[in-house]
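Data block below; observations after.
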Protein chains: 2
Amino acid sequence: MRPQKVNDEELLISLTKVFRERGYEGTSIKELSDLTGLKKASLYHRFPNGKQEMAASVLEYIGKWVADNIFHAFTNEADTYKTRLKNGMFQIRKLYEGGKNPCILKALSTQNGMELFHQSISKGMKEWVAAFINLGLSMEFTKQMAEEKAIQTLIDIQGSLILSKTLDNATIFESTLKKIENRYS
Amino acid sequence: MRPQKVNDEELLISLTKVFRERGYEGTSIKELSDLTGLKKASLYHRFPNGKQEMAASVLEYIGKWVADNIFHAFTNEADTYKTRLKNGMFQIRKLYEGGKNPCILKALSTQNGMELFHQSISKGMKEWVAAFINLGLSMEFTKQMAEEKAIQTLIDIQGSLILSKTLDNATIFESTLKKIENRYS
DNA sequence: GTCTATAGCTAGATAGAC
DNA sequence: GTCTATCTAGCTATAGAC
């Protein structure tokens, strides 16, 4: 077997970039081929089920990245609450590159032919909510308060990403993150 | 000339439904033809510049609807502040059908080939912000507070629409609207 | 103004050589 | 595992009859 031109992680990172910016229908295999440096047939070799598998793999990859980096930072018992929060928020900034990157869950939530990815997107969003609920509970919020704050935090993240993008104003995302930090301090 | 099968407003309403759910790239002329009841060639007769003009017309139509119904309600000097707020929020519920409809600005904000609609989307979003700033100013908020609350209100609307959709939970949108009402009461 | 028919193209996907 | 070449379906868009 010939060696891989790009390894799995590099490949998934490139695929993520395109799907995140273009959405599912807006992404063409040709564009994925150009950005990854792999010819179309090679992409189909890596993902035998085609475009759907490519997008599904991106969702899986990002889901794992978020769990390993963001959620893990929030629950790392070696750190103080303050440090956990700080580290987690740092990784959130990284994920969205300070508001420049759209959320992949949002980007793939609109596509044709019924709900190709609805289940994984719903699962991913629930994991985000659960992570912030746990963060709130560890700060001795009541269960109800922890739930309310978690939902509002996700609203803030998603909404501020959209406003930052449509208004070309990254400070909206940044000040929203600060507000979230205050909510959990 | 033969009579129109569907008038301009009916036509735009149907086009809106598809673009809002599918996005620009996800929408096919065939699907627009099926839903409107007009054959493809007839759609091109109504919109000589094709799909781009169809989507641009949808943005224009919704922009006008929002100005005439929502923003107008907020500034209707015949009403008390309380009534203005109540009427405006009622129209917002109607626009998004209680959280079931995606925002057309969001739906069209992701598309190929550079920024086809970025300018109108940005303009539309700025009008929303300005409307809530004015609402705040009319309630004697300071300029800074009015701006902050307006931005947060738009974040809340956009974010809660996304969460309602991805989590299949319309109550998120509804309780967010209640929260906004409290913010301006 | 609406329609049938079709042009021209590009999309996603596959076959088979290396 | 990657590649060139190709298939087929579906897309946007147009021509021309009524």
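Proteins get letters first, then strands, A, B, ... in listed order; numbering begins at 1 in each.
- Side-chain nitrogen and oxygen atoms of A/H45 include none within less than 4.0 Å of the OP1 or OP2 phosphate oxygen of D/dT2.
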Test salt bridge (Lys or Arg N to Asp or Glu O under 4.0 Å) on B/E77 and B/R84 and set out the steps. CA-CA 8 Å; B/E77 305 213 351; B/R84 292 183 202 179; 5.3 Å; no

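- Looking only at atom types and distance, the side chain of A/Q152 has a donor-acceptor partner in the side chain of A/D156 under 3.5 Å away.
- Look at B/R22 and B/E31 and you find a salt bridge, because one of the NZ, NE, NH1 or NH2 atoms lies within 4.0 Å of a carboxylate O, short of that distance.
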Base-contact (B) and sugar-phosphate-only (S) positions in nucleotides 4-18 of chain C, heavy-atom cut-off under 4.0 Å, - elsewhere: B-------BBBB---

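- In this structure, A/L11 places its CG atom 12 Å from C1' of D/dG1, rounding to the nearest Å.
- For CD of A/Q4, the number of neighbouring non-hydrogen atoms (other residues, nucleotides, ligands) closer than 6.0 Å is greater than 12.
- For the residue pair B/Q144 / B/E148, a side-chain donor-acceptor distance below 3.5 Å is found, with atom types taken as modelled.
- If you take CZ of B/F47 and P of D/dT12, they are 15 Å apart, rounded to a whole angstrom.
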